[in-house]
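Heads up, the thing below is written out as structure tokens.
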Amino acid sequence: MSNPQITKSVNSHGVIRFKSSYKVKKFSVQSQDHNHKSQSATCRTIVDEEYIQDKFNLTGLNDIVVSHYRKALEIILDMEPDDSEGSEDKERTAMIDSSAVMLYGLIHARYILTTKGAIEMICKYKNGDFGTCPRVYCEGENVLPIGLTDVPGKAMVKLYCPKCCDVYVPRSSRHHHIDGSYFGTGFPHMFFMIFPERRPEKPEKEFIPRLYGFKIHPSAYKLQKAAVGSHSNTKNSNTRSVISVNEPMA
């Protein structure tokens with residue numbers, strides 16, 4: 001399957017227009033930060049129009065995107081506006097555009113859980129579009145985007161390493177303005193269920209703390225913590241004794 005071709009343009013009102021090789025030819029959203037295009041085409045795949053038109057796939061999203069759900073969906077599908085409702089003021093238009101961004105992101109999170117969506121994401125994964133794991137012993141393993149919550153507006157996207165099975169803050173600034181719910185909490189796990197042959201082996205090496213060439217026994221940390229706690233208690237006890245001595249007699 002060939003990768004979809006995506007182009008972007010920004011008009012004088014700061015509206016980003018996406019054009020792709022899919023049926024959804026245009027999707028306009030209002031960018032909240034023109035210096036950081038939060039809806040980066042590099043980080044996301046284009047959702048097939050047939051998937052969006054199937055109401056079953058959108059079940060429950062109207063409860064999340066409560067504000068201007070219908071109009072937001074019309075923007076995503078590039079439907080003609082209803083002239084009977086009159087022209088929109090700037091504030092209302094901005095709210096509708098914001099709802100369209102959220103709705104499209106949540107649809108995207110569902111779409112990439114499908115086989116077709118995962119096939120489109122695998123190209124980005126193999127190319128390392130999402131970056132590599134910062135852990136030394138993962139040896140530059142490619143990572144996948146993941147959300148820490150499925151609720152919009154709670155946390156930005158993080159990166160999941162399939163080798164050490166841990167999550168990291170993205171190093172690239174292009175990821176810092178993408179909502180984590182637009183990928184969801186389950187995407188990497190579904191991805192490797194669809195493509196189990198892509199799951200890497202666990203790291204053969206792990207970091208071992210040493211001092212003067214000797215391994216530090218785990219119990220050493222417990223002893224240090226106990227010593228600190230004992231010292232703190234002794235110090236507090238001495239302080240209370242000093243205060244008691246210096247108190248004036250009644």
Backbone of [Y] reached by a side-chain donor or acceptor of [X] within 3.5 Å:
| X | Y | result |
| --- | --- | --- |
| Asp54 | Phe56 | yes |
| Ser99 | Met95 | yes |
| Thr114 | Gly117 | yes |

If you take all heavy atoms of [X] and [Y], which pair is closest and at what distance?
| X | Y | result |
| --- | --- | --- |
| Leu61 | Tyr69 | C-CE1, 4.0 Å |
| Ile194 | Thr115 | CD1-CA, 4.1 Å |
| His108 | Tyr182 | ND1-O, 2.8 Å |
| Cys138 | Cys161 | SG-SG, 3.8 Å |
| Pro170 | His176 | O-NE2, 2.7 Å |
| Ile46 | Tyr104 | CA-OH, 3.7 Å |

Going hydrophobic residue to hydrophobic residue with side-chain gaps under 4.5 angstrom, can you get from [X] over to [Y]?
| X | Y | value |
| --- | --- | --- |
| Phe191 | Tyr168 | no |
| Ile216 | Phe214 | yes |
| Val136 | Tyr160 | no |
| Met121 | Ile119 | yes |
| Leu211 | Phe207 | no |

Begin from the C-alpha positions of Lys158 and Val169 and carry the test side chain to side chain contact (heavy atoms under 4.5 Å, CB included) through to its verdict. CA-CA 5 Å; Lys158 301 297 184 287; Val169 176; 4.3 Å; yes

So, taking the atom named [atom1] in [X] and the one named [atom2] in [Y], what distance separates them when rounded to the nearest 0.5 Å?
| X | Y | atom1 | atom2 | result |
| --- | --- | --- | --- | --- |
| His217 | Lys222 | NE2 | NZ | 9.0 Å |
| Cys164 | Glu206 | SG | CD | 12.0 Å |
| Met190 | Leu113 | CE | CG | 5.5 Å |
| Ser181 | Met102 | OG | CE | 7.5 Å |
| Gln53 | Ile76 | CD | CD1 | 12.0 Å |
| Leu77 | Glu49 | CG | CD | 6.0 Å |

Within the structure provided, determine whether [X] and [Y] are in side-chain contact (heavy-atom separation under 4.5 Å).
| X | Y | result |
| --- | --- | --- |
| Lys163 | Cys133 | no |
| Asn57 | Tyr111 | no |
| Pro162 | Glu141 | yes |

Using 30° and 60° as the class limits, which term best fits the ring planes of Tyr125 and Phe192: parallel, tilted or perpendicular?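 Judged by the thresholds at 30° and 60°, the geometry between Tyr125 and Phe192 is perpendicular.
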
I'd like to know whether His68 forms a side chain to side chain contact (heavy atoms under 4.5 Å, CB included) with Arg92, so could you lay out the CA-CA distance, the side-chain angles of the two residues, the decisive distance to 0.1 Å, and finally the verdict. CA-CA 9 Å; His68 311 293; Arg92 179 177 170 82; 3.0 Å; yes

Under a 4.0 Å N-O cut-off, is there an ion pair linking Glu120 with Lys116?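 Looking at Glu120 and Lys116, the cut-off is not met.
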
Pair Thr132, Arg171: side-chain N/O donor-acceptor within cut-off below 3.5 Å: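 Yes.
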
Show me the donor-acceptor pairs, under 3.5 Å and distance only, between side chains in residues 144-155 and residues at least two apart or in other chains.
| from | atom 1 | to | atom 2 | distance (Å) |
| --- | --- | --- | --- | --- |
| Thr149 | OG1 | Val151 | N | 3.1 |
| Asp150 | OD1 | Thr185 | N | 3.0 |
| Asp150 | OD1 | Thr185 | OG1 | 3.4 |
| Asp150 | OD2 | Thr185 | OG1 | 3.1 |

For Glu139, check side chain to side chain donor-acceptor pair (under 3.5 Å) against everything at least two apart and list the hits. none

